[in-house]
Amino acid sequence: AQSVTQPDIHITVSEGASLELRCNYSYGATPYLFWYVQSPGQGLQLLLKYFSGDTLVQGIKGFEAEFKRSQSSFNLRKPSVHWSDAAEYFCAVGANQGGKLIFGQGTELSVKP
Amino acid sequence: NAGVTQTPKFQVLKTGQSMTLQCAQDMNHNSMYWYRQDPGMGLRLIYYSASEGTTDKGEVPNGYNVSRLNKREFSLRLESAAPSQTSVYFCASSEVWQHNEQFFGPGTRLTVL
């Protein structure tokens, strides 16, 4: 069965510091992978996605993620965090035949001034 | 384009009451989804509609019913609300079933007393 694990429930980083949020998935075939961000009281916004091809994908707001098949990981990175990045981040996996997404539990990011 | 809209934004019910959550999208998408979000559990799929005229159960369908009213609208009904259904409910849509990229509404925060 498909599953997604985000090992870190809560992370705090200083503004200007680099960020890496971890995501591990379990899926038998090549997955479709997504990162979404949710600001307080808001819906989810797509940051980036991986379907195939280049394993380093660029997204909005300066985020990037790298697909590593050997580690079943799809970690999200940003070189310099801004206070406005404080939010909850969700990793999700989808089947390549389409449809349903399986979400991780989420990682809450706090940014210190 | 408004994207995905949901009504109401907030609702308080008493145990045993019924209500319908409304969702509409103006992106001409074929597939629509209902999720619930609970702390520490990410998003869990309740029901989905791969295309107009079809609906299927997701991971946590018990206590809910859905109606795909037309291509734009997908409603979620709680026939007899229970405190365990206190949650934030999100509607989402995707262009076609084969495309996992989903667009989310702002959510409905439901409290059942």
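Because the structure is predicted, anything quoted here is derived from the model rather than measured. Letters A, B, ... mirror the listed sequences (proteins, then strands); counts begin at 1.
Interface remark: B:Leu43 contributes backbone and side-chain atoms alike to the contact with chain A (heavy atom separation under 4.5 Å). When heavy atoms are compared at a cutoff of 4.5 Å, B:Gln37 approaches chain A solely by way of its side chain, counted from C-beta outward. For chain B, the nearby part of A:Leu46 is the side chain; its heavy atoms alone come within less than 4.5 Å.
A:His82 approaches A:Val111 most closely through the heavy-atom pair O-CG2, 3.7 Å.
A salt bridge does not link A:Glu20 to A:Arg22: none of the charged side-chain nitrogens sits closer than 4.0 Å to a carboxylate oxygen. In this structure, A:Lys78 pairs ionically with A:Asp85, as a charged nitrogen and a carboxylate oxygen lie closer than 4.0 Å.
Cluster annotation: B:Val60 is not connected to A:Val93 through the hydrophobic network of ILVMFWY side chains, with a link wherever side-chain heavy atoms come within less than 4.5 Å.
Under the 6.0 Å cut-off for aromatic ring centres, A:Phe67 and A:Tyr50 qualify, their centroids lying closer than that. Here A:Phe34 and A:Phe74 keep their ring centres 6.0 angstrom or further from each other. The distance between the ring centers of A:Phe103 and B:Tyr35 falls below 6.0 angstrom.
Your options are B:Pro39, B:Gly40, B:Gly107, and the one with the most heavy-atom pairs under 4.5 Å with chain A is B:Gly40. Chain B forms the most heavy-atom pairs under 4.5 Å with one residue out of A:Gln6, A:Gln45, A:Lys49, and that residue is A:Lys49.
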Exercise for review: Dump the intermediate steps for side-chain hydrogen bond (donor to acceptor under 3.5 Å, both in side chains) on A:Thr5 and A:Asn24, then the final yes or no.
Suggested key: CA-CA 5 Å; A:Thr5 301; A:Asn24 294 99; over 6 Å; no
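Scanning residues 54-65 of chain A against chain B with a 4.5 Å non-hydrogen threshold yields no residues.
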